[in-house]
Amino acid sequence: MSKKLTSRAEDYSKWYNELVVKADLAENSAVRGCMVIKPYGYAIWEKMQAELDRMFKETGHKNAYFPLFVPKSLFEAEEKNAEGFAKECAVVTHYRLQNDPDKPGKLRVDPEAKLEEELVVRPTSEAVIWNTYKGWIQSYRDLPILINQWANVVRWEMRTRLFLRTAEFLWQEGHTAHATREEAVRETELMNNVYASFAENFMAIPVIKGVKTESERFAGAVDTYCIEALMQDGKALQAGTSHFLGQNFAKAFDVKFANKEGNLDYVWATSWGVSTRLMGALIMTHSDDNGLVLPPNLAPDQVVIVPIYKSMEQLDEISELAQVIISELKEKGVSAKLDDRDTLRPGAKFAQHELQGVPVRIAIGPKDLENRTVELARRDTLTKEIVPLDTLTGKIEGLMEEIQVSLYKRALEFRDDHITEVDSFEAFKEVLETKGGFISAHWDGTAETEAKIKELTKATIRCIPVDAKEESGNCVLTGNPSSKRVLFAKAY
RNA sequence: CGGGGUGUAGCGUAGCCCGGUUAUCGCGCCACGUUUGGGACGUGGAGGCCGCAGGUUCGAAUCCUGCCACCCCGACCA
């Protein structure tokens, strides 16, 4: 295995692929397009899950679980949704294998075991869920229903990349039912705000909250809200979406309720999700040419202690000290571990922990024992300093917050530097080619113009920012009047 | 799904055009010893159905066909 990671400048996409594998986050599997998430990668995902789950519950949601399979007849009920996902559905047609009479030792699909009705492997769960909600909802008293599920979904992608686009991925999908349009819209916005706050405060990833244009909207939604993040290579990445589904699914699945006045009305719906794609966003926001950089909130180990020793006696002495440090840190809510593997030398450990993004590293050697100090190294800045033992744990506690904030600030600065306002199509192309990032420009509001710009530049409208200010201008392509700027970018 | 490329030990590779000893080298791995403040060194050792399946041939890593996987570029996409 080569020791050095390909640099970002050399080949960003290669850098990403190597990093995911070398940092032991995930690898490709024997199944086309499907990844194996390795323990270290999964530990980071679990941190995300835990925080999101907490936030969902805090906003009144409960977890439940719905089936992996969707009977085709249910799947096709909401036409737009079905049509949108049709091209990428895996379908179960049989329920049994048998020994192949022609090839001893081999199995074949039993031709007798064809399913009456094919089962679609869920690309998303609206269909099963709304079919279920139909049985749960009669009256306004049954509303709202605020449910989330943690699940895997399958979308048969042509080109896959670890975390960013895989045929199977893990996510959460919230599905809520409401009595009024206003309440459902509020829920949609609330959850988009939850995502934004999670991304910014927990993952240290600045995001732009916005609304999707019609062509980028979720199939079956009335409105799709999103959070858009900017990666280091200047490409945008949709990090989360929240959909106002109107009454589309209620109508498709005939879900009506009696309101307070005794009139029947269709239920209003939302759905919202974030996926393991966030791992990709995390990597491409903070990491550097030395490897992964983790914000303390997401680091499986926030601090690692590397002992430097010649004799076993020294190791014992260092280990004893390390245990004291570890338990003091634990009291302060900081997770730390001692890397006492005797199979690697210190330098190799430094390199590995750097590659894996551990926020803070402590090295303790004979000199430190003598001086009552340690060497403290920050992953985000790659700086080192000698710290006296008696101020160590307090300093680290503060560092956790400092690193978290500084990563966010660094990413925010980069992001803000890469939002460029342009007022001509020439400038649009110029900025896109030379600088990348988001381009803030006027758009005449038509799908035709959007498509034309995509065809000419490969950039799409990432969103209409929710805080976009009213400003009269002219469409960057057609010159037609426009009332606000939208954000364009090349996207993942 | 279209175009291009690549599959040889855990990883990276030589050999392939032009078929012919025991398949090359480096890293990693194992044992022992010396080491340990930024990816250690020595000695010894293990590890290969040459991507898979057919075919051509006295003989296939090498030639032919099919399949599979991965990478790059397009279309699609969270």
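The sequence lines fix the lettering, A, B, ..., with proteins before strands; numbering per chain opens at 1. Note that these values count all heavy atoms, side chains included, but never hydrogens, waters or copies made by symmetry.
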Would you please say whether a donor-acceptor pair under 3.5 Å links the side chains of A:Gln238 and A:Lys212?
yes

Below 4.0 angstrom, which residues in residues 363-382 of chain A have at least one non-hydrogen atom near RNA chain B?
A:Ala363, A:Gly365, A:Pro366, A:Lys367, A:Asp368, A:Glu375

Nearest heavy-atom approach of A:Lys22 to A:Leu5 is CD-CD1, 4.0 Å

Counting only heavy atoms not in A:Lys72, do more than 12 fall under 6.0 Å of its NZ?
no

Of the nucleotides B:G74, B:U36, B:G39, which has the atom closest to the A:Ala348 side chain?
B:G39

Determine: side-chain N/O of A:Arg345 to OP1/OP2 of B:G37, distance under 4.0 Å, yes or no.
yes

I'd like to know whether the aromatic ring centres of A:Phe198 and A:Tyr195 sit less than 6.0 Å apart in this structure.
no

What's the CG-P distance between A:Asp342 and B:C30, to the nearest Å?
11 Å

Between B:U13 and B:A61, how far apart are the C1' atoms? Round to whole Å, please.
14 Å

How would you label the contact of A:Thr460 with the nucleic acid (heavy atoms, under 4.0 Å): base, sugar-phosphate, or nothing?
nothing

Side chain A:Lys384 and base B:G38 donor-acceptor under 3.5 Å
yes

Less than 4.0 angstrom from a charged side-chain N to a carboxylate O is my criterion; do A:Glu385 and A:Arg378 meet it?
no

With rounding to the closest Å, how many angstrom separate the P atoms on B:A23 and B:A9?
14 Å

Please classify the nucleic acid contact of A:Phe169 as base, sugar-phosphate, or nothing, using heavy-atom distances under 4.0 Å.
base

Please work out if A:Thr124 contacts a base, only the sugar-phosphate, or nothing of the nucleic acid, heavy-atom cut-off 4.0 Å.
nothing

Identify the nucleotide, in any strand shown, that forms a Watson-Crick or G-U wobble pair with B:U65, with both distances under 3.5 Å; if there is none, say none.
B:A53

Do A:Gln232 and A:Thr285 have side-chain N/O donor and acceptor atoms under 3.5 Å apart?
no

Winner on side-chain proximity to A:Tyr309, out of B:C71, B:U36, B:C76, is B:U36

Closest of B:G38, B:G74, B:C70 to the A:Phe350 side chain is B:G38

Without decimals, in angstroms, what is the distance between A:Glu27 CD and B:C11 P?
10 Å

Just to be sure I understand the rule, does A:Gly33 reach a base, reach only the sugar-phosphate, or reach nothing, if contact means heavy atoms closer than 4.0 Å?
sugar-phosphate

Counting only side-chain nitrogens and oxygens, does A:Asn17 get under 4.0 Å of the OP1 or OP2 atom of B:C72?
yes

Look at the side chain of A:Lys454 and decide which nucleotide, out of B:U36, B:C76, B:C71, has an atom nearest to it.
B:C76

Using whole Å, report how far NZ of A:Lys14 lies from P of B:C73.
13 Å

A:Asp301 (side chain) donor-acceptor with A:Val304 (main chain) under 3.5 angstrom
no

Look at the side chain of A:Lys458 and decide which nucleotide, out of B:A75, B:C76, B:U36, has an atom nearest to it.
B:A75

Can you tell me if A:Trp15 uses its side chain to pair, donor with acceptor, with the backbone of A:Asp288 under 3.5 Å?
yes

Write down the distance separating the P atoms in B:G66 and B:G2, rounded off to the nearest Å.
14 Å

Taking B:U22 as the reference, what is the distance to B:G48 when you measure between their C1' atoms (whole Å, please)?
13 Å

Identify whether any heavy atom of A:Ser275 sits under 4.0 Å from a base atom; if not, whether one sits that close to sugar-phosphate; answer base, sugar-phosphate or nothing.
base

Go ahead and name the base partner of B:C27; Watson-Crick or wobble counts if both distances stay under 3.5 Å, otherwise write none.
B:G10

So, does the side chain of A:Gln352 form a donor-acceptor pair with the base of B:G39 at under 3.5 Å?
no

Counting the atoms with a prime plus P, OP1 and OP2 as sugar-phosphate, which does A:Arg361 contact under 4.0 Å by heavy atoms, base, sugar-phosphate, or nothing?
base

Pick base, sugar-phosphate or nothing for A:Leu164, based on heavy-atom distances below 4.0 Å to the nucleic acid.
base

Output the rounded distance in Å from CG (A:Asn290) to C1' (B:G39).
12 Å

Rounded to whole Å, how long is the line connecting atom CD of A:Glu18 with atom C1' of B:C72?
15 Å

What's A:Glu157 touching, base or sugar-phosphate or nothing? Going by heavy atoms closer than 4.0 Å.
base

I need the A:Thr241 OG1 to A:Ile227 CD1 distance, nearest 0.5 Å.
9.0 Å

Given B:G37, B:C76, B:G38, which nucleotide is nearest the side-chain atoms of A:Ile308?
B:G37

A:Leu162 or A:Arg462, whichever maps to the more 5' nucleotide of RNA chain B:
A:Leu162

Would you mind pulling out the nucleotide paired to B:C32, Watson-Crick or G-U wobble, both distances under 3.5 Å?
B:G42

Measure from CD on A:Glu83 to C1' on B:C76 and round the result to the nearest Å.
14 Å

Hunt down the Watson-Crick or G-U wobble partner of B:G20, both distances under 3.5 Å, from any strand shown, or write none.
B:C58

Inter-residue atom distance A:Met279.CE - A:Ile37.CD1, 0.5 Å rounding
7.0 Å

Searching all strands shown, indicate the nucleotide that pairs with B:G2 (Watson-Crick or G-U wobble; both distances under 3.5 Å).
B:C73

